[in-house]
Asks: 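Here you go, one structure.
Since this is a predicted model, take the numbers as computed values, not measurements.
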Amino acid sequence: MTMFTNGFSTLEIPEDFEAINAKDEFTELYLVNTKIPMSIKFSTTPTLVGLPDIRNDIENNLNNNPKLNLIVSDFLAVNDDIYYMIVSSFSDGEKQVRRNEFLYVEDDNLYIFEFAYPYADRELDDFYLNIIRSLKISMPKYIVDDGEYRINDG
C-alpha cells in the first residue's frame with residue numbers, strides 16, 4: 001500500500017492511481033486512474049465557517065447552475081467525524097460526469113475529497129470511504145488569525 005504525506009496529513013493511495021502535478025495551491029494530491037477512468041483530488045484550505053454554512057453555499061451554487069444536477073447532499077459519519085457529502089453530476093449533452101465530494105472541518109482547516117468519474121456506480125461507496133477513513137491529521141496545515149491565514153510551521 002502506498003501512502004501520501006505532506007507533513008500535515010497522511011492517507012492511502014489506492015492501487016493503480018498515479019499522482020499528477022496539482023494545479024492550485026490548496027490541492028495536496030491529485031490522482032488519476034486511466035483504466036477506470038477516475039480522478040481523486042484531496043485539498044486542504046483555511047476556513048472560518050463550519051459544515052452547515054459550507055453546505056448552504058454549495059447547494060446555492062449547484063442550484064444556480066443548470067448544467068449541474070444535485071443528487072445527494074447530507075451529513076455523514078465517518079469514523080468518529082462528521083463529513084458533509086455532496087453527490088452531483090454534470091452533463092454537457094454528450095458526456096456525463098459524476099462527482100462525489102466529502103468535506104470535513106477541523107481546527108479552521110477544510111479537508112476536501114473529490115472523486116470524479118463518467119458514470120454512476122454505487123459499488124464505489126466503500127472505495128471512497130476506505131480512502132477517507134485512512135486520513136490521519138498530524139496537525140492543521142493552516143493557522144487562521146484575524147481573517148488571514150498562514151502555513152503552520154509547527
Asks: Hey, does Phe17 have a side-chain heavy atom less than 4.5 Å from the side chain of Ile36?
Replies: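 Ile36 reaches Phe17 side chain to side chain.
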Asks: Starting from Ile13, can I reach Phe115 by hopping between I/L/V/M/F/W/Y residues whose side chains sit under 4.5 Å apart?
Replies: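 Yes, Phe115 connects to Ile13 through the hydrophobic network.
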Asks: Show the numbers, then the answer: is there a side-chain contact (heavy atoms from CB on, under 4.5 Å) between Met3 and Leu11?
Replies: CA-CA 6 Å; Met3 300 297 284; Leu11 58 93; 6.0 Å; no
Asks: Are Lys141 and Glu28 close enough for a salt bridge, meaning some N to O gap below 4.0 Å?
Replies: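 Yes, charged N to carboxylate O under 4.0 Å.
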Asks: Can you find a heavy atom in the side chain of Ile71 that is under 4.5 Å from one in the side chain of Ser89?
Replies: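 Result yes, sub-4.5 Å side-chain heavy-atom pair found.
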Asks: I'd like to know if the side chain of Ser91 pairs up with that of Gln96 as donor and acceptor (distance under 3.5 Å, no hydrogens or angles considered).
Replies: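 Side-chain D/A pair, Ser91 to Gln96: absent.
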Asks: So, do Arg55 and Ser73 sit near enough that their side-chain heavy atoms are less than 4.5 Å apart?
Replies: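 Result yes, sub-4.5 Å side-chain heavy-atom pair found.
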Asks: Pro37 and Tyr117: which non-hydrogen atoms are nearest, and at how many Å?
Replies: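 The pair with the smallest heavy-atom distance is O-CB, 3.6 Å.
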Asks: Could you measure the distance from the CG atom of Asp24 to the OG1 atom of Thr45? Nearest 0.5 Å is fine.
Replies: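 So the CG of Asp24 and the OG1 of Thr45 are separated by 10.0 Å.
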Asks: Asn152 side chain to Gly154 main-chain N or O, any donor-acceptor pair under 3.5 Å?
Replies: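 Side chain of Asn152 to backbone of Gly154, a donor-acceptor pair under 3.5 Å: yes, one is there.
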Asks: May I ask whether Phe90 and Ile86 are part of the same hydrophobic cluster, defined by side-chain heavy atoms of I, L, V, M, F, W, Y residues being less than 4.5 angstrom apart, directly or through others?
Replies: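 Yes, Phe90 connects to Ile86 through the hydrophobic network.
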Asks: Are Ile137 and Leu129 co-members of a hydrophobic cluster defined by side-chain heavy atoms under 4.5 Å apart?
Replies: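 They do share one cluster, since a chain of ILVMFWY contacts under 4.5 Å joins Leu129 to Ile137.
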Asks: Among Asp107, Leu48, Asn109, find the one that has a side-chain contact (heavy atoms from CB on, under 4.5 Å) with Val144.
Replies: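 Checked Asp107, Leu48, Asn109 against Val144; only one passes side-chain contact (heavy atoms from CB on, under 4.5 Å): Leu48.
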Asks: Angle class for the Tyr128/Phe102 ring planes (parallel below 30°, perpendicular above 60°, tilted otherwise)?
Replies: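 Ring orientation, 0 to 90° scale: tilted.
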Asks: If the threshold is 4.0 Å, N to carboxylate O, is there a salt bridge linking Arg99 and Glu101?
Replies: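 Looking at Glu101 together with Arg99, the answer is yes, because their closest N to O distance falls below 4.0 Å.
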Asks: Is any side-chain heavy atom of Phe127 less than 4.5 Å from a side-chain heavy atom of Ile40?
Replies: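 Contact flag for Phe127/Ile40 side chains = yes.
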Asks: Once you round to the nearest 0.5 Å, how far does CD1 of Ile54 lie from CD1 of Ile112?
Replies: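 The distance works out to 7.5 Å.
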Asks: Are Tyr30 and Ser39 packed together at the side-chain level, in the sense that at least one heavy-atom pair is separated by less than 4.5 angstrom?
Replies: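 A side-chain contact under 4.5 Å exists here.
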Asks: Assess the pair Tyr84 and Phe75: is the distance between their ring centroids shorter than 6.0 Å?
Replies: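 Yes - the distance between ring centres of Tyr84 and Phe75 falls below the 6.0 Å cut-off.
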Asks: Is there side-chain contact between Asn100 and Ser88, with heavy atoms separated by less than 4.5 Å?
Replies: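 Not in contact.
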Asks: Could you check whether atom CD of Glu106 has more than 12 heavy atoms from other residues, nucleotides or ligands sitting under 6.0 Å from it?
Replies: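 Correct, the count exceeds 12.
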Asks: Drop me the distance from Leu103's CG to Phe113's CZ, to the nearest 0.5 angstrom.
Replies: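 If I round to the nearest 0.5 Å, the distance is 10.0 Å.
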Asks: State, with a plain yes or no, whether a side-chain heavy atom of Ser138 is found less than 4.5 Å away from one of Ser9.
Replies: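 Not touching, per the 4.5 Å side-chain cut-off.
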Asks: Give a yes or no answer on whether the side chain of Thr5 reaches the backbone of Thr10 with a donor-acceptor pair at less than 3.5 Å.
Replies: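 Between the backbone of Thr10 and the side chain of Thr5 there is no qualifying donor-acceptor contact (under 3.5 Å).
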Asks: Val32 vs Glu18, test: side-chain contact (heavy atoms from CB on, under 4.5 Å). Steps then yes/no.
Replies: CA-CA 6 Å; Val32 295; Glu18 47 185 272; 4.1 Å; yes
Asks: Supply the atom-to-atom distance Asp153 CG to Ile143 CD1, rounded to the nearest 0.5 angstrom.
Replies: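 With rounding to 0.5 Å, CG (Asp153) is 8.0 Å from CD1 (Ile143).
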Asks: According to a hydrophobic-cluster definition based on side-chain heavy atoms being under 4.5 Å apart (Ile, Leu, Val, Met, Phe, Trp, Tyr only), do Ile132 and Val105 belong together?
Replies: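 Result: no, two separate clusters.
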Asks: Assign the ring pair Phe42 / Phe4 to parallel, tilted or perpendicular, where the plane angle (0 to 90°) is split at 30° and 60°.
Replies: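 Judged by the thresholds at 30° and 60°, the geometry between Phe42 and Phe4 is perpendicular.
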Asks: Output yes when a side-chain donor or acceptor of Thr47 lies under 3.5 Å from a complementary backbone atom of Val49, and no otherwise.
Replies: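 Yes, Thr47 side chain to Val49 backbone: donor-acceptor pair under 3.5 Å.
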Asks: Quick one, Val87 with Arg98, criterion side-chain contact (heavy atoms from CB on, under 4.5 Å). Give me CA distance, side-chain angles, the key distance, then yes/no.
Replies: CA-CA 7 Å; Val87 179; Arg98 182 172 166 133; 3.4 Å; yes
Asks: Return the CG to OH distance between Leu110 and Tyr104, rounded to the nearest 0.5 Å.
Replies: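 One gets 11.0 Å once the value is rounded to the nearest 0.5 Å.
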Asks: How far does CZ of Phe8 sit from CE of Met139, to the nearest 0.5 angstrom?
Replies: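 That separation rounds to 4.5 Å.
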Asks: Applying the 4.5 Å side-chain criterion to the ILVMFWY set and letting contacts propagate, would Leu68 and Leu70 be lumped into a single cluster?
Replies: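 Yes: a chain of side-chain contacts under 4.5 Å links Leu68 to Leu70.
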Asks: Is Met85 close to Val72 at the side-chain level, that is, under 4.5 Å between some pair of heavy atoms?
Replies: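 Sidechains of Met85 and Val72: in contact.
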Asks: Say whether, by atom type as modelled, one donor and one acceptor occur between the side chain of Asn33 and the main chain of Lys35 under 3.5 angstrom.
Replies: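 Yes; at least one donor-acceptor contact below 3.5 Å.
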